[in-house]
Each structure stands twice: as structure tokens, then as C-alpha cells.
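Here the structure comes first, spelled out in C-alpha cells, and everything after it is commentary.
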Amino acid sequence: MIDNAIIGGGIGGLTTAVALHQRNIRFTLFEQTSVIKPIGAGILAATNAMQVYKTLGIADDISALGQAVHYLNVTNANLKTLSELDLRPLVQKFKAGTIAIHRADLQQYLLAQFPESMVLTNKKLVDVKRADQWIDLTFADGSSYRCKTLIGADGLRSTTRQLVFGKKTLRSSGQYCWRGVAEFDLPEKYCNALFEAWSDGLRFGFVGLGKRRVYWYALISMNRPFDPAPVELESYFSAFHPMIVALLAATNTNSIHSTEIMDLQPIKTWAKGNVALLGDAAHGATPNMGQGGCQAIEDAAVVAQMLEKLPAKDAFQRYNAIRIAKAHYVVRNSWRLGRMAHWQHPLPRNMRDTLMRITPASYRRRHLKKLFTLDWE
Ligand SMILES: Cc1cc2nc3c(=O)[nH]c(=O)nc-3n(C[C@H](O)[C@H](O)[C@H](O)COP(=O)(O)OP(=O)(O)OC[C@H]3O[C@@H](n4cnc5c(N)ncnc54)[C@H](O)[C@@H]3O)c2cc1C
């Protein structure tokens with residue numbers, strides 16, 4: 001019988017695996033794809049996530065694979081600043097920075113932190129039967145495994161959640177996102193910073209990943225059902241700063257991912273007996289605060305910490321109690337921020353932009369301080 005089964009080899013599942021392995025807690029990770037590969041292009045591991053990686057002793061390696069981000073800038077379409085936030089005082093306070101990293105680099109690194117034999121690929125979970133002392137898992141290839149605990153880290157459309165916790169509501173934001181990595185020499189003034197350019201119903205963000213790689217994301221509000229087919233992004237963003245248009249041109253179109261931006265309406269509990277949900281499966285958020293993955297990383301650390309101290313059922317209840325308020329704060333605020341960023345009526349848009357220009361950095365830093373604090377340590 002397997003001690004702990006983790007479903008899903010995304011950032012949440014892999015970080016959980018690393019944290020369990022370091023505590024000599026046995027597990028098997030099941031991933032539906034044949035190879036563990038990233039969904040999306042780049043990711044920002046913010047100070048809260050990097051503090052977790054620091055406690056796992058892997059923050060320096062991860063920092064070396066990516067690029068430090070010292071500033072968060074929101075601009076208009078022409079890259080004229082609406083708000084700029086210097087993150088360095090927070091780095092000093094928390095002794096951990098924000099790192100922009102290619103998802104493939106992060107996932108490969110995490111995967112190398114525990115033996116390959118603990119991962120089973122081509123295992124798509126299709127059924128779960130729970131008894132008091134064990135859980136039977138069935139996979140699409142017909143195989144089945146009995147385990148003592150089940151951690152569902154299988155993303156926003158989690159099968160674990162559907163089978164154990166019932167149907168929950170996914171909300172579409174009406175915003176669609178395209179992500180890519182351009183080969184591009186960023187001018188010095190754009191290095192070590194995340195830029196997000198806002199216009200009516202459109203947003204374009206970019207950040208350097210090092211080694212001439214620039215991760216970018218483009219968001220468009222659309223009044224039609226999501227279609228993953230390629231779109232002419234250049235035509236949507238032609239009025240943006242020429243460098244943004246150049247970034248699009250410098251990207252291999254075959255490597256661009258498209259996604260409908262959705263979240264999971266906050267659910268009451270992520271723990272049921274010896275089953276727990278983690279990451280997007282538990283609290284999928286829209287990406288507007290760049291925190292979905294960071295929250296999954298925090299979950300992973302807390303789950304491992306609790307499993308070390310307590311019997312599984314108590315550990316999962318405790319994990320749920322510790323993490324739910326902060327993760328749902330992110331879900332709710334990301335949703336609000338995303339709507340505000342895409343306001344299309346000129347009057348509220350101008351008021352928003354003015355407010356952003358005059359809001360003191362200290363106010364925004366206070367908000368980030370709350371986000372970056374690991375109150376469970
Ligand atoms: C455009 C965009 C930008 C983002 N930017 C950031 C950012 O900068 N910083 C940040 O922190 N977050 C960001 N996020 C959010 C972040 O990507 C997610 O929160 C994070 O990937 C969630 O990780 P996860 O491991 O919970 O789920 P996932 O990454 O979705 O991984 C789930 C895994 O489970 C597997 N799986 C699914 N179903 C099954 C099954 N039935 N059986 C077996 N395996 C299964 C999948 O194949 C996958 O490998 C962004 C999201 C988007 C959409």
C-alpha cells in the first residue's frame with residue numbers, strides 16, 4: 001500500500017514531493033501526461049514562495065536558474081509609468097526576493113530533488129473509492145493502487161476534487177491569455193522588473209528570464225466563447241509600445257500557449273478524512289496577483305509540516321485551517337484586480353489611473369507584506 005499518493009506533477013505536486021522527501025515521508029506522485037512538462041511559459045516565484053524554497057534549502061539554486069525582479073511596474077500602453085514599486089525593502093525584510101523563472105527550468109529542478117522511481121507517468125486518475133483506513137485509486141490505463149492518504153494537486157479542473165468533494169463552480173473572467181517566451185535583448189532599463197501595460201480591455205506583461213529570454217503574457221477581454229486557435233496578437237497590440245510589438249515578433253508562434261482565465265469560486269473545505277486538495281485544485285485563482293503557484297508552494301510546505309507532526313486526518317484539517325484564509329484572499333483580490341485592469345469605460349479608467357499614480361508605494365508595500373508573510377511558520 002502506498003503511504004501518500006500525490007495526484008499531479010505541477011508546481012504544487014512537485015513542491016509537495018520535495019517537502020515530503022526531505023522529511024523522509026514516503027509518497028508516490030501520479031501524473032497523467034507521459035512526461036512532466038510545464039503548462040505555460042514563465043512564472044514569478046514571489047518572496048513568499050522563495051521563503052518556502054529557502055526553508056527547503058533550494059532557494060539559491062532556483063534563483064540561479066532565473067532572474068531577480070526588483071520592481072513591479074504598471075504602465076499605460078506606451079510603457080509610461082502608472083505605478084512603480086521597488087521590492088528591495090521587502091527583500092531585505094524577508095531575506096528572499098522575487099524570481100522570474102522559466103517553468104520548465106523550475107519543474108525540472110524540482111523533479112531532480114527526489115528519486116525518479118517515486119513518479120509514475122501516464123497515470124490519469126479516473127476514480128477514487130474511500131474507506132476509513134485506505135483509498136483505492138483507479139487510473140485511465142486500468143491500473144489501480146491502494147493508498148493511505150490522497151493529495152489532489154491536479155489543477156483547476158481537479159478530478160480528485162470532483163470525485164471526493166463534488167461539483168464546484170469554475171468562473172470564467174471573460175479574459176483570454178496568450179503566453180510566450182521571446183528571444184530578445186531587453187534594453188537595460190527593462191531588466192530586473194516586471195512590466196504590465198494596461199489599455200482598454202487589453203493587458204501585456206513582460207519580464208526578463210535571463211539568457212536573452214523574455215517571458216510575456218497578453219490578455220484580451222472577449223465577448224465570445226474561448227477558442228484556443230492562434231490569433232493575430234500583433235493586430236490587438238499594434239497601438240502598444242513598439243518594443244511590445246517586437247517581443248511578439250521575436251516569439252516562435254508554435255510555442256505560444258493560450259488559456260481561458262478562470263478561477264474556482266472559493267470552496268468551504270479542502271480536507272475530507274484522509275484526502276486533501278492543494279494548489280489550483282483547492283483554490284485556483286486568476287493570475288492577476290501572480291500568486292497561484294506561490295500559494296500552491298505555501299500549501300506544499302504546510303501539508304508536509306503537518307504530516308510530519310500529526311496523523312493524516314488531523315494533519316489535513318490543520319493544513320486546511322492554516323491556509324484557507326490567505327489563499328482565498330488571493331482568489332478574491334485577483335478577481336477584483338483583473339476586472340479593474342480591463343475597465344473599458346474612459347471615466348473610471350482615468351480615475352483608476354490617477355489613483356494609481358498618487359497611491360504611495362508604502363501603501364502597496366504594506367499589502368505585499370501581508371502576502372509575503374508566512375504566518376504558519
Ligand atoms: C497566465 C497565467 C500566469 C500565471 N502566472 C503566475 C505567476 O507569475 N506566479 C504564480 O505564482 N502563479 C502564476 N499563475 C498561476 C499558476 O500557474 C498556478 O497557480 C499553478 O500552476 C498551480 O499549480 P498546481 O500544481 O496546483 O496545478 P497545475 O500546474 O495545473 O498542475 C496540475 C498537474 O496535474 C496533472 N493532472 C491533472 N489532472 C490529472 C489527473 N486526473 N490524473 C493525474 N494527473 C493529473 C496535470 O497534468 C498537471 O501536471 C499563472 C497562471 C496563469 C494562467
Side-chain angles (χ1 to χ4, degrees), residues 5-17 28-50 52 66 69 72 98-103 106-107 110-111 119-128 137-141 143 150-163 173 175-180 194 196 203-207 209 215-219 256-264 270 277-300 327 330-331 334 338 371:
I6 303 171
I7 308 295
I11 287 164
L14 290 175
T15 305
T16 306
T28 299
L29 188 151
F30 297 89
E31 165 58 43
Q32 65 180 354
T33 55
S34 55
V35 181
I36 294 199
K37 55 178 195 282
I39 303 161
I43 189 161
L44 259 75
T47 290
N48 50 327
M50 292 308 292
V52 170
V69 177
L72 298 181
T98 290
I99 303 296
I101 185 168
H102 200 292
R103 284 181 189 245
L106 178 59
Q107 293 201 354
L110 294 173
L111 204 50
V119 178
L120 298 179
T121 51
N122 280 319
K123 294 289 177 194
K124 182 178 166 57
L125 180 75
V126 291
D127 197 25
V128 174
L137 308 177
T138 306
F139 293 87
D141 62 358
S143 61
L150 170 61
I151 299 172
D154 45 353
L156 192 62
R157 291 181 170 77
S158 167
T159 303
T160 313
R161 187 182 66 234
Q162 286 167 34
L163 292 173
S173 66
Q175 296 174 8
Y176 304 144
C177 179
W178 288 259
R179 286 176 277 180
L194 170 75
E196 202 171 279
R203 240 184 314 164
F204 192 95
F206 64 90
V207 63
L209 300 176
Y215 160 52
W216 58 260
Y217 51 90
L219 288 132
I256 296 176
H257 300 257
S258 59
T259 327
E260 179 173 12
I261 298 299
M262 303 184 90
D263 77 0
L264 174 68
W270 316 330
L277 299 173
L278 180 152
D280 278 10
H283 46 73
T286 51
N288 306 304
M289 287 166 72
Q291 271 288 325
C294 299
Q295 293 303 307
I297 291 165
E298 283 198 43
D299 289 348
V330 169
V331 174
S334 282
L371 211 53

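Positions are given from 1, in the same order as the sequence printed here. Atoms within a ligand are numbered from 1 in the order they appear, just like the ligands themselves.
- With a heavy-atom cut-off of 4.0 Å, Arg103 touches ligand 1 through its side chain alone.
- Side-chain polar atoms of Asp154 and Gln32 form no donor-acceptor pair below 3.5 angstrom.
- Nearest heavy atom pair, residue Ala296 against residue His283, reads N-CE1, 4.3 Å.
- Of the heavy atoms in Cys294, both backbone and side-chain atoms come closer than 4.0 Å to ligand 1.
- Contacts between Gln295 and ligand 1, counted as non-hydrogen atom pairs separated by less than 4.0 Å, are absent for every part of the residue.
- The heavy-atom pair separating Leu371 from Glu298 by the smallest distance is O-OE2, 4.1 Å.
- Looking only at distances, a side-chain donor or acceptor of Glu31 sits under 3.5 Å from a matching main-chain atom of Gly9.
- Considering only non-hydrogen atoms, atom 1 (C) of ligand 1 lies nearest to Arg179 out of Met262, Arg161, Arg179, Gln291.
- When only non-hydrogen protein atoms are considered, atom 8 (O) of ligand 1 lies nearest to Leu44 N, 2.9 Å.
- Residue Ile261 comes nearest to Pro287 through the heavy atom pair CG2-CD, 3.5 Å, listed as atom of the first residue, atom of the second, then distance.
- Once rounded to the nearest 0.5 Å, the distance linking CD1 of Ile99 with CG of Leu209 reads 11.0 Å.
- The contact set between ligand 1 and Cys177, taken as ligand atoms under 4.0 Å from a residue heavy atom, comprises 1 (C).
- In terms of protein heavy-atom proximity, atom 7 (C) of ligand 1 is closest to Ile43 CG1, 3.4 Å.
- Remark: minimum distance from atom 44 (N) of ligand 1 to any protein heavy atom is reached at Gln32 N, 3.1 Å.
- Nearest to atom 18 (C) of ligand 1 by heavy atom, out of Thr159, Asp280, Val330, is Asp280.
- Atom numbering of ligand 1 starts at 1 in the shown order; those under 4.0 Å from a heavy atom of Gly293 are 10 (C), 11 (O), 12 (N), 15 (C), 16 (C), 18 (C), 19 (O), 20 (C).
- Here the side chains of Tyr176 and Glu260 are in contact, with some heavy-atom distance below 4.5 Å.
- Ligand-side atoms of ligand 1 in range of Gly12: 24 (P), 25 (O), range being under 4.0 angstrom from any heavy atom.
- Below 4.0 Å from some heavy atom of Ile11 lie the following atoms of ligand 1, by number and element: 25 (O).
- At a 4.0 Å heavy-atom cut-off, ligand 1 touches Ile7 through the side chain alone.
- At a heavy-atom cutoff of 4.0 Å, ligand 1 is contacted by the backbone of Ala153 but not by its side chain.
- Across every non-hydrogen atom of Val331 and Leu264, the tightest pair is CG1-O, 3.8 Å.
- Looking only at distances, no side-chain donor or acceptor of Glu196 sits under 3.5 Å from a matching main-chain atom of Arg203.
- The protein heavy-atom contact nearest to atom 31 (O) of ligand 1 is Gly10 CA, 3.4 Å.
- Evaluated by nearest non-hydrogen atom to atom 49 (O) of ligand 1, the leading choice among Glu31, Lys124, His257 is Glu31.
- Protein heavy atom at the shortest distance from atom 34 (O) of ligand 1 is Gly8 CA, 3.2 Å.
- Heavy-atom contacts of Gly279 reach the following atoms of ligand 1: 26 (O) (cutoff under 4.0 Å).
- If you check each of Ala282, Pro287, Gly155 against atom 27 (O) of ligand 1, the one with the closest non-hydrogen atom is Gly155.
- Looking only at heavy atoms of the protein, atom 37 (C) of ligand 1 is closest to Asp154 O, 3.3 Å.
- Closest of all the heavy-atom pairs between Gly13 and Ile6 is CA-CG2, 3.9 Å.
- Nearest protein heavy-atom neighbour of atom 42 (N) of ligand 1: Leu125 N, 2.9 Å.
- The nearest pair of heavy atoms linking Ala49 to Ile297 is CB-CD1, 3.8 Å.
- Between Phe204 and Phe206, the ring-plane angle classifies as tilted under the 30° and 60° cut-offs.
- Close approach of ligand 1 to Lys123 (heavy-atom distance below 4.0 Å) involves ligand atoms 42 (N), 43 (C).
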